[in-house]
Amino acid sequence: MLAIIGGTGLTNLANLTITHREVVRTPYGEPSGHLTFGQIGPAQMVFLARHGYAHTYAPHEVNYRANIWALAETGVTRILAVNAVGGIAAQMGPGVLAVPDQLIDYTHGRRHTFFEGGEPVTHIDFTEPFCARARNLIARAARDAGLPVVEGGTLGVTQGPRLETRAEILRLKNDGCALVGMTTMPEAALAREKKLSYATLALSMNHAAGLGTSAGGIKLADADAVLAAGMEKVRAILARAVELHAQLPAHERGID
Ligand code: HPA
């Protein structure tokens, strides 16, 4: 089954016909909320709001382990995540949608693995942090929906919840980051530990600190307007992605 993890600006899917909700208990504590099961057209899927349905968990407070464990336990094979991000590369200005293919983890102090507390340790291969099949699925869905997305690029994942300094963004730029967000890690790594197919659709809602229209500071009201408009596009792409996923042969509905 396909799961969508909604981020900032996406706490529900308007086009989802809800069939039921399920509260899942996990060995890692409470997920961000109940799992919302439903259908888009004939296709089944499950939705989870990463920050909680009332957007109460900050990026460092999200129980990523409980979220991923709950989805894996429910029989999910693929997760399409949504992230509101800042744009660093010139082509990643406000309103641009992207499907990154790499990431750099700048977070700290998050519970980032299932392999602790006596679990036999397995070192996952994370050379390619996102599943190519899932990235292609999002890109195809975007094409079908007539909405441009930038394919590829490195997403830097910062600790938050504060936004970055100008110098931090310069460092990320020098490191090769095209985008900056706060929640893709440890989510992507935990999904890989559970052998789930995982990719993210990122919406740039502002130029990152010190760049472009944020040269004199990030204007949060402007960013919120971009977010609201952009999430309508995200919804359209996801609706098509859910349909396309359901049409795939079973062996292509998971990690490649
Ligand atoms: N930095 C980090 N995360 C973000 C940003 C940003 O500029 N915008 C939206 N999420």
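Every number for a ligand or one of its atoms is a count from 1 in the order of the listing.
Counting protein heavy atoms only, atom 6 (C) of ligand 1 is closest to L163 CD2, 3.4 Å. For atom 5 (C) of ligand 1, the nearest protein heavy atom (residue, atom name, distance) is G86 N, 3.4 Å.
Salt bridge E252/R78: absent, no basic N to carboxylate O contact under 4.0 Å. Taking 4.0 Å as the cut-off between side-chain N and carboxylate O, E168 and K173 do not count as a salt-bridged pair. Ion pairing of E187 with R50 is present here, as a side-chain N (NZ or NE/NH1/NH2) and a carboxylate O approach within less than 4.0 Å. With respect to E243 and R240, a salt bridge is recorded, a charged nitrogen being found less than 4.0 Å from a carboxylate O. With respect to R65 and E116, a salt bridge is recorded, a charged nitrogen being found less than 4.0 Å from a carboxylate O.
If you number the atoms of ligand 1 from 1 as listed, the ones under 4.0 Å from a heavy atom of A84 come out as 9 (C), 10 (N). Below 4.0 Å from some heavy atom of M182 lie the following atoms of ligand 1, by number and element: 2 (C), 3 (N). Atom numbering of ligand 1 starts at 1 in the shown order; those under 4.0 Å from a heavy atom of E164 are 1 (N), 2 (C), 6 (C), 7 (O).
Backbone and side-chain nitrogen or oxygen atoms of N206 are examined, and one is located within less than 3.5 angstrom of a nitrogen or oxygen of ligand 1. Polar contact check, T158 against ligand 1: no nitrogen or oxygen pair lies under 3.5 Å apart.
Within the 4.0 Å heavy-atom criterion, the part of V85 lying near ligand 1 is the backbone and not the side chain.
A centroid separation of 6.0 Å or more is found between the aromatic rings of H51 and Y57.
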